[in-house]
> 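Sharing a structure below in structure tokens format, with a few things to ask.
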Amino acid sequence: MNVKVAIRDAYGMALKELGGRNPDVVVLDADVSNSSKSILFGKEYPERFYNVGVAEANMAGMAAGMSTTGKIPFVNTFAAFMLLRAADPIRSLACYGNLNVKFAGTYAGLSDSYDGATHHTLTDIAFMRAVPRMTVVSVCDPVETKKAVDAIAEYDGPVYLRLSRAAMPTIFDEGYDFTLGKGAVVKEGTDVTVIATGYMVHKALEAAEQLEDVGISVRVVNMHTIKPLDKELVVRCARETKGIVTVEEHSIYGGLGSAVAEVVGSTARVPVEIIGVQDTFTESGDYETLLEKYGLSAEAIRQKVLQMARYA
Amino acid sequence: MMQAVLNDIKMDDIKTSYMEAKCLEFRRELIQLLHGIQTGHPGGSLSVMEILVKLYYDRLRIDPANPQWEDRDRFILGKGHAAPALYMILADLGFFDKEELKTLRQANSRLQGHPCAVKTPGIEASTGPLGLGISFGVGVACSAKQDKKSYKTYVVLGDGEIQEGIVWEAAMAASKFKLDNLVAILDNNGVQLDGTVEEILPMGDISAKWEAFGWHVIEADGHDLDDLDRALSEADWVVGKPVLINAKTVKGKGVSFMEGKNIWHGKPIDKQEFSLAMEELGGFDYEC
């Protein structure tokens with residue numbers, strides 16, 4: 001494994017670079033810029049950086065207003081509060097108004113592990129993807145983070161960018177073709193497909209390697225854009241392999257698994273197993289320990305795929 | 001002699017009479033429209049009428065032929081439920097055809113129950129959920145400052161609306177960013193959906209509250225066009241602070257049986273009520 005890079009550092013750098021190229025980019029933060037790393041942009045371009053204090057709803061509303069003057073606002077806070085405090089302006093102003101605002105929710109999933117259930121974000125994908133016009137992106141490595149930041153800045157419309165606090169190894173090189181709405185097959189395979197997003201792509205790859213050793217060929221898809229979902233790719237995987245296992249750092253309700261099942265249910269009759277956090281409030285703890293506790297480990301994926309490969 | 005008469009008729013008086021006539025015309029149209037469709041919010045539309053007419057007919061630099069003109073003044077209706085009043089003005093100014101007003105709140109109409117910026121020309125922000133408009137306006141005003149543009153941003157708030165927490169978040173931000181290009185006008189009619197503001201959530205000294213949040217506050221009679229003119233002119237001279245015009249109004253203004261009554265926040269107007277209202281507004285020629 002290569003050196004891990006914190007996703008927030010990659011994000012902060014990407015934002016700063018984007019700011020250098022595009023003078024329309026403005027950045028808002030709700031008093032967490034040292035955590036979200038939007039401060040890297042703020043230090044470079046203070047005249048385009050708005051720290052609005054601990055007031056997430058107003059931050060989202062302000063960004064909506066700014067976007068109507070030709071600016072491209074990047075809105076930053078913890079994913080938990082982006083979702084739960086700013087939901088109304090996100091829906092009513094940004095999405096209903098079809099505005100060009102980018103909402104970057106950091107510390108998503110269980111990645112703010114020690115802060116506990118209030119700071120874990122396991123329902124954001126469900127909400128964000130249910131809001132019309134919203135695009136939902138979740139990244140899995142530093143290269144993808146940078147490419148995603150650039151791509152969503154190019155795209156005209158509201159976007160939710162789901163970011164992790166965790167450090168992640170690099171999967172992709174600079175040549176990686178990141179296209180919004182197009183999933184990336186990161187490992188070919190013929191028996192079972194694992195569709196993962198965010199940090200879970202790494203866990204899926206780990207499980208797939210172990211399964212190769214016992215003769216099971218696993219295809220791993222990095223579904224960075226959860227909405228609009230790459231239906232074509234999902235259907236292809238459903239037709240070419242025996243079944244699909246989805247993995248996400250999110251509730252089993254309403255997230256990537258649901259999105260995949262919605263497509264498979266109406267197009268191809270193969271089993272879909274959803275791996276995510278069960279219907280429970282989570283606890284504080286070490287990140288990797290929590291992932292294991294809530295069934296988001298490579299081992300948990302391995303077991304599910306094994307079952308599917310044998311019985312599907 | 002002739003010269004003396006002309007000197008007595010000030011341009012301002014003619015403008016005011018014209019706007020007063022517009023207010024009456026819109027009140028009639030509003031009652032007729034809401035009676036016709038049996039849905040919508042008469043109370044808050046009637047209380048905000050002079051404020052909207054003053055802004056749209058005498059203040060805002062806008063171009064109905066080019067609603068997206070970059071340097072236009074921005075108007076945001078925070079209390080989105082007063083949309084019917086705004087729609088009548090936008091239609092009158094030519095943002096869309098007056099005939100379209102009949103489609104208000106009906107399926108396939110561009111005129112949604114609450115303002116929709118995507119569907120309706122002239123609407124800046126999709127509002128309705130209370131409190132969002134001022135936050136949006138703070139963002140626009142920040143942009144104007146950053147871009148060194150001279151356009152102003154006007155936001156109309158309801159007094160029930162300012163019970164929302166986001167309003168005070170926005171108020172603090174406007175103060176921090178010294179938005180003297182932002183004018184919020186409070187349609188202070190003292191009545192909200194469930195009762196009077198005093199009964200539901202007393203707001204205390206509203207002017208003092210906004211002052212404490214760093215705003216320059218101007219009190220005005222929200223039904224007196226000249227007084228609104230005075231307040232808006234004063235607002236133009238304020239430097240380094242956002243401005244709140246605390247405009248005292250009457251909910252349901254102009255229709256005696258609706259005045260000050262919370263049930264008229266959003267109640268259908270029946271046939272008898274319609275006749276009574278039209279009689280008071282001098283609109284005998286309207287048919288049921």
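Sequence lines set the chain letters: A, B, ... in the order given, protein chains first and strands last, and positions in each chain run from 1.
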> Pick whichever of B/A144, B/G165, B/S143 has the most heavy-atom pairs under 4.5 Å with chain A.
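Of the candidates given, the most pairs with chain A belong to B/S143.
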> For B/E164, which atoms come within 4.5 Å of any heavy atom of chain A: side chain, backbone, both, or neither?
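B/E164 has no heavy atom closer than 4.5 Å to chain A.
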> Looking only at heavy atoms, which two atoms of B/S126 and A/G97 are closest? And how far apart?
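Closest approach of B/S126 to A/G97: OG-CA, 3.9 Å.
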> Does atom NZ of B/K149 have more than 12 heavy-atom neighbours, drawn from other residues, nucleotides or ligands, at distances under 6.0 Å?
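Atom NZ in B/K149 is packed in, count exceeds 12.
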> Return the option, out of A/N98, A/D88, A/L28, with the maximum number of heavy-atom pairs under 4.5 Å with chain B.
A/D88
> Got a second to check how far A/R85's CZ is from B/I166's CD1, nearest 0.5 Å?
12.0 Å
> For B/E169 and A/N58, which heavy atoms make the closest approach, and how far apart are they?
OE1-N, 2.9 Å
> With a cut-off of 6.0 Å (strictly less than), are more than 12 heavy atoms of other residues, nucleotides or ligands near NZ of B/K209?
yes
> Crowded around A/E232 CD? As in, over 12 foreign heavy atoms under 6.0 Å?
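Incorrect, the count does not exceed 12.
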> Which of the residues B/A141, B/A170, B/A173 is involved in the greatest number of heavy-atom pairs with chain A at under 4.5 angstrom?
B/A170
> Count the heavy atoms of every other residue, nucleotide or ligand shown that sit under 6.0 Å from CD of B/E70, and state whether that count exceeds 12.
no
> Picking from A/P89, A/A60, A/G61, A/G70, which has the most non-hydrogen pairs under 4.5 angstrom with chain B?
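Highest number of pairs under 4.5 Å: A/G61.
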> Mark yes when over 12 heavy atoms from residues, nucleotides or ligands other than B/R74 sit less than 6.0 Å from its CZ; otherwise mark no.
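Atom CZ in B/R74 is packed in, count exceeds 12.
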> May I ask you to check whether over 12 heavy atoms, not counting those of B/K176, lie within 6.0 Å of atom NZ?
yes
> Quick check on the interface: out of B/G133, B/C116, B/A117, who has the most heavy-atom pairs with chain A under 4.5 Å?
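Sorted descending by pairs with chain A, the first entry is B/C116.
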> Do other residues, nucleotides or ligands put more than 12 heavy atoms under 6.0 Å from the NZ atom of B/K178?
no
> Which pair of heavy atoms, one from B/F177 and one from A/N51, lies closest together, and at what distance?
CZ-O, 4.0 Å
> Using heavy-atom distances under 4.5 Å, tell me whether A/L99 contacts chain B through its side chain, its backbone, both, or neither.
side chain
> Hey, mind stepping through B/Q112 and A/Y96 against side chain to side chain contact (heavy atoms under 4.5 Å, CB included) and telling me if it holds?
CA-CA 12 Å; B/Q112 297 297 296; A/Y96 188 42; 3.8 Å; yes
> Would you please test A/T69 and B/Y151 for side chain to side chain contact (heavy atoms under 4.5 Å, CB included) and show each step?
CA-CA 11 Å; A/T69 67; B/Y151 65 81; 3.4 Å; yes
> Between A/A57 and chain B, which part of the residue has a heavy atom less than 4.5 Å away: side chain, backbone, both or neither?
both
> So does A/Y253 have more than 12 non-hydrogen atoms from other groups sitting under 6.0 Å from OH?
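Counting neighbours around OH of A/Y253, 12 or fewer heavy atoms of other residues, nucleotides or ligands fall under 6.0 Å, so no.
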> May I ask you to name which of A/K71, A/R91, A/R48 has the most heavy-atom pairs under 4.5 Å with chain B?
A/K71
> Report the option among A/V52, A/V26, A/T68 that has the most heavy-atom pairs separated by less than 4.5 Å from atoms of chain B.
A/T68
